[in-house]
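The next block holds one structure in the form of structure tokens; read it before the comments.
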Amino acid sequence: MVTRLASTQTLERTTIQALGLRALWLHLQLTGVEALALAPRDRELITLVATRPRGVPLTDLLTRMRTTSALNAEAGRHWIQRLVDQGWLSVREDDQGLSIDLAEEDLAWITAQDSRLTTP
């Protein structure tokens, strides 16, 4: 069964813009030369993180990996850490605990693009 957005559900303009820029980043990255070396699971994880406005809580990402990839938590942490070490993702701590997001330099690029769109 496909879950569809309710016609009454509205998103903030800033959320739409952030998701659009993150989708642009994802497209540019996954069609680039560096992405040729990525495994399908790498692409899946990067896509899961990139398609969220502010990354994904680590516990949610590990749960998703366990249900879709049959990886236990330790193997999932190792897989995520490898992508962090390669510069694809970053780990940050927020009020929900540890979260996985895009690498800092990629977030800086997205922020710069956002500024270009919002500055007259």
Side-chain angles (χ1 to χ4, degrees):
M1 177 173 205
V2 176
T3 303
R4 305 218 185 268
L5 290 175
S7 60
T8 58
Q9 184 175 2
T10 59
L11 299 172
E12 297 288 325
R13 183 194 60 79
T14 55
T15 301
I16 294 168
Q17 191 165 307
L19 285 170
L21 288 169
R22 289 171 77 98
L24 172 63
W25 175 90
L26 181 65
H27 170 75
L28 293 172
Q29 294 301 316
L30 294 184
T31 58
V33 174
E34 296 85 12
L36 294 175
L38 291 172
R41 186 172 291 145
D42 294 340
R43 291 171 178 268
E44 177 186 2
L45 285 176
I46 293 167
T47 299
L48 284 171
V49 171
T51 55
R52 303 302 187 281
R54 288 164 196 82
V56 182
L58 176 61
T59 54
D60 293 354
L61 192 55
L62 290 172
T63 299
R64 175 72 181 249
M65 291 175 74
R66 188 173 54 250
T67 59
T68 61
S69 306
L71 289 176
N72 64 33
E74 187 61 33
R77 286 179 193 275
H78 176 73
W79 205 284
I80 292 166
Q81 187 59 51
R82 188 176 53 75
L83 290 173
V84 169
D85 293 344
Q86 291 175 356
W88 288 100
L89 302 175
S90 67
V91 180
R92 64 178 162 74
E93 191 162 358
D94 57 22
D95 56 346
Q96 296 178 350
L98 293 178
S99 287
I100 308 301
D101 207 343
L102 301 176
E104 294 300 322
E105 50 277 1
D106 295 319
L107 292 173
W109 181 85
I110 290 168
T111 300
Q113 301 310 309
D114 184 60
S115 294
R116 289 181 62 217
L117 291 172
T118 57
T119 304

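Index from 1, following the sequence. Worth saying up front: this structure is predicted, and the values here are computed from it rather than measured.
The nearest pair of heavy atoms linking Gln29 to Trp88 is OE1-CZ3, 3.7 Å. Closest approach of Ala103 and Gly87 over heavy atoms only: CB-O, 3.1 Å. Contact between Ser99 and Pro57 at its shortest, heavy atoms only, is OG-CA, 3.8 Å.
Residue Ile100 holds its CD1 atom at 5.0 Å from CG of Leu58, rounded to the nearest 0.5 Å. The structure places CD of Gln81 at 10.5 Å from CZ of Arg77, a figure rounded to the nearest 0.5 Å. Taken from CG in Asp106 to OG1 in Thr111, the straight-line distance is 10.5 Å, to the nearest 0.5 Å. Interatomic distance, CG of Leu61 versus CG of Leu89, reported as 8.0 Å (0.5 Å rounding). To the nearest 0.5 Å, the span separating CD on Gln86 from CD on Glu34 amounts to 11.5 Å. The distance from the OG1 atom of Thr47 to the CG atom of Leu30 is 5.0 Å, given to the nearest 0.5 Å.
A salt bridge links Arg92 with Asp94; the closest basic N to acidic carboxylate O contact falls under 4.0 Å.
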Subject >> Criterion side chain to side chain contact (heavy atoms under 4.5 Å, CB included) on Met65 and Ile80, from CA distance to verdict >> reply: CA-CA 10 Å; Met65 291 175 74; Ile80 292 166; 3.9 Å; yes
**OP:** Walk me through it: do Asn72 and Arg66 pass the test side chain to side chain contact (heavy atoms under 4.5 Å, CB included)?
**Re:** CA-CA 6 Å; Asn72 64 33; Arg66 188 173 54 250; 5.9 Å; no
Original post:
Which is it for Asp42 and Trp79 under the side chain to side chain donor-acceptor pair (under 3.5 Å) test, yes or no, and what are the steps along the way?
Top reply: CA-CA 8 Å; Asp42 294 340; Trp79 205 284; 2.7 Å; yes
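A search for side-chain hydrogen bond (donor to acceptor under 3.5 Å, both in side chains) contacts involving Arg22 returns Asp101, not counting sequence neighbours.
Of the possible donor and acceptor atoms, one in the side chain of Ser90 sits under 3.5 Å from a partner among the backbone N and O of Leu102.
For the pair Thr118/Gln17, a side-chain contact is recorded, criterion being any heavy-atom separation below 4.5 Å from C-beta on.
Clustering ILVMFWY residues whenever any of their side-chain heavy atoms sit less than 4.5 angstrom apart, transitively, puts Leu117 in the very cluster that holds Ile110. In the hydrophobic cluster analysis, where Ile, Leu, Val, Met, Phe, Trp and Tyr join through side-chain heavy atoms closer than 4.5 angstrom, Leu48 is grouped together with Ile46. Placement of Leu28 and Leu19 in two distinct hydrophobic clusters is found when ILVMFWY residues are connected by side-chain heavy-atom separations under 4.5 Å, directly or transitively.
Around CZ of Arg43, the count of heavy atoms belonging to other residues, nucleotides or ligands within 6.0 Å exceeds 12.
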